[in-house]
Amino acid sequence: MPVFEYAPAPESRAIANLKDHYKPFVNGEFVDGSGEPLKTINPATEEVLAEVGTVSKSDVDTAVKAARKAYDSVWSKLPGAERAKYLFRIARLIQERSRELAVLESLDNGKPIKESRDSDVPTAAAHFFYHAGWADKLEYAGYGANPRPLGVAGQIIPWNFPLLMLAWKIAPALATGNTVVLKPAETTPLTALVFAEICQQAELPPGVVNILPGAGDIGASIVEHAGIDKIAFTGSTDVGKAIQRQVAGTPKKLTLELGGKAANIVFEDAPLDQAVEGIVNGIFFNQGHVCCAGSRLLVQESVAEEVLDKLRHRVSTLRIGDPLDKNTDIGAINSAEQLAKIRGLVESGDAEGAERWTSPCPVPDRGFFFAPTVFANVHQSMRIAREEIFGPVLSVLTFRTPDEAVAKANNTPYGLSAGIWTEKGSRILWMANQLRAGVVWANTFNRFDPAAPFGGYQESGFGREGGRTGLEAYLNV
């Protein structure tokens, strides 16, 4: 079947209202940070998008004090229904500025515009709508008659879903009566700072939300600050372990959402065409920059060749290129550093004897791009089967029995997500109970809802975000 040729359909970058310079947001105002300015890069072109002012340790202290004052004097005293009004305003403003946010996210992050437009931004707004509904109902959440907020929440988010991860953290914190000091990722600070503008538009009281751009040392300053009552971190397992060591022995509450190496398990009775679409979505969505990506495909031996043939054909139709083109399926890798890591792990797969297939799609000469890649004949001891690649690279293993599938799926230090493809409901339920993963999808993958808790086990972290369960992380219960 021939591949359709599509004319370019680029979204206008002018919609992003890109500024030359952005500033930290502290106590309701954009201020000059005392850190060294950073330049944020468009990963698709390697051009400088904007200069971003950063903060120092003293600025962190100023922001924490502003958040504490706002918590003590205003936010914790507001009835839940009043807090909800602010969250509803923020949700509506995200929707009103959704096109601007989507284009800015794709410019700063490298993800395809159709993903930021259709997934990231709408889901971010949905989290604020959902948590606004909880703000005046916390006494019915199952955490006692009078659940109380913790105080000031320090939040550190990654670069793969900048606006969405911000929403995952700020929405429940505000709904439960906490104030926030948030550090966006060093390479993707822009939508967080536009969100600060939205907080001003919503007339959020000064100090309730503070946005502090900077590098890892600023995240460390937030973690160690005595005025922080709760830390929420999404990022690498190594950094998560360091944070856990830092917080140990203190009264601070902690939630960690870390790396993953999810197994996507396909049985011989699965609807194979549907499964192939789920496999593609599971690993190539957002260039594989997804902590819960289905980066290990476990296929029942009897259909392995058929699935691989279908998969290679489907992957060869994916379009890689300009993230602002509405036809693009695979955008740019977020940074040169991440691209080097992906290449290194792929080279290890070659060296260890896996069978590498790379899509023949043309790859842009400029920018940080990596063609979709599938490794067959992968063994569990190989690095590509054990380490999180965080890129568009799939490792394929086979199994014969359900017990073998469970054993291979659980043979990982991670435990964030998994997928099951079969027509048998009883097998789905059995497998879901056997798999050591926080989220298990059945005959689908990468489906998210604000009402559903998300989180992992083992080296994928602990705690849950989203749903009624996610409220507990921000309540003194």
Side-chain angles (χ1 to χ4, degrees), residues 22-38 52-72 75 149-159 162-163 165-174 176 178-189 191-193 195-196 199 206-258 461-463 465 473-474:
Y22 291 80
K23 295 181 178 182
F25 184 68
V26 178
N27 201 27
E29 300 290 340
F30 290 97
V31 302
D32 293 319
S34 53
E36 285 294 320
L38 62 84
V52 178
T54 68
V55 300
S56 65
K57 190 171 184 177
S58 63
D59 297 319
V60 172
D61 186 60
T62 300
V64 173
K65 287 177 179 176
R68 176 65 59 189
K69 181 179 179 182
Y71 173 78
D72 290 337
W75 198 246
L150 298 171
V152 179
Q155 304 177 328
I156 303 165
I157 60 174
W159 47 259
L163 184 67
M165 291 296 98
L166 175 150
W168 275 31
K169 291 189 168 36
I170 291 183
L174 298 193
T176 49
N178 301 275
T179 55
V180 166
V181 176
L182 179 138
K183 191 195 89 68
E186 187 176 0
T187 61
T188 55
T191 47
L193 295 171
F195 177 81
C199 290
V208 173
V209 168
N210 304 271
I211 310 290
L212 306 183
D217 61 318
I218 300 306
S221 295
I222 292 172
V223 170
E224 69 187 20
H225 198 287
I228 296 288
D229 300 297
K230 186 261 187 317
I231 295 293
F233 172 77
T234 297
S236 74
T237 295
D238 288 343
V239 175
K241 288 178 178 179
I243 291 173
Q244 189 172 14
R245 286 192 293 267
Q246 181 72 36
V247 170
T250 75
K252 295 175 185 175
K253 291 191 73 171
L254 176 65
T255 49
L256 298 172
E257 198 268 280
L258 309 175
F462 51 82
E465 294 181 299
Y474 292 95

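None of these values were measured; they are calculated from a predicted model.
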Smallest heavy-atom separation, Lys252 atom then Val247 atom, equals O-CG1, 3.7 Å
Are any non-hydrogen side-chain atoms of Ile228 and Val223 less than 4.5 angstrom apart? no
Distance (rounded to the nearest 0.5 Å) between Trp168 CH2 and Gln155 CD: 13.5 Å
Rounded to the nearest 0.5 Å, how far apart are OG1 of Thr237 and CD of Glu257? 9.5 Å
Does Asp61 pair with Lys57 as a salt bridge, N-O distance under 4.0 Å? no
Please round to the nearest 0.5 Å and tell me the distance separating atom CD1 of Ile222 and atom CG of Leu182. 7.5 Å
Begin from the C-alpha positions of Ile231 and Ile243 and carry the test side chain to side chain contact (heavy atoms under 4.5 Å, CB included) through to its verdict. CA-CA 9 Å; Ile231 295 293; Ile243 291 173; 4.1 Å; yes
Could you report the tightest heavy-atom contact between Val180 and Ala67, atom names first, then the distance? O-CB, 4.4 Å
With no hydrogens and no angle check, just 3.5 Å: does a side-chain donor-acceptor pair link Lys230 and Thr255? yes
Roughly how far apart are Lys169 NZ and Ile156 CD1, rounded to 0.5 Å? 9.5 Å
Is the shortest heavy-atom distance from the side chain of Met165 to the side chain of Pro158 under 4.5 Å? yes
Hey, does Ile211 have a side-chain heavy atom less than 4.5 Å from the side chain of Pro184? yes
Answer whether the closest heavy-atom distance between the side chains of Phe462 and Leu254 falls below 4.5 Å. yes
Could you check whether any side-chain heavy atom of Pro149 comes within less than 4.5 Å of a side-chain heavy atom of Tyr71, counting everything from C-beta outward? yes
Are Thr54 and Ile218 close enough that some pair of their side-chain heavy atoms sits under 4.5 Å apart? no
OG1 of Thr179 to CD1 of Ile170: how many Å apart, nearest 0.5 Å? 11.0 Å
Exercise: do Asp59 and Thr62 side chains pair donor with acceptor under 3.5 Å: no
Does the side chain of Thr176 pick up a donor-acceptor pair with the side chain of Asn178 at under 3.5 Å? yes
Could you tell me whether Arg68 and Asp229 make a salt bridge, using a distance below 4.0 angstrom between a side-chain N and a carboxylate O? yes
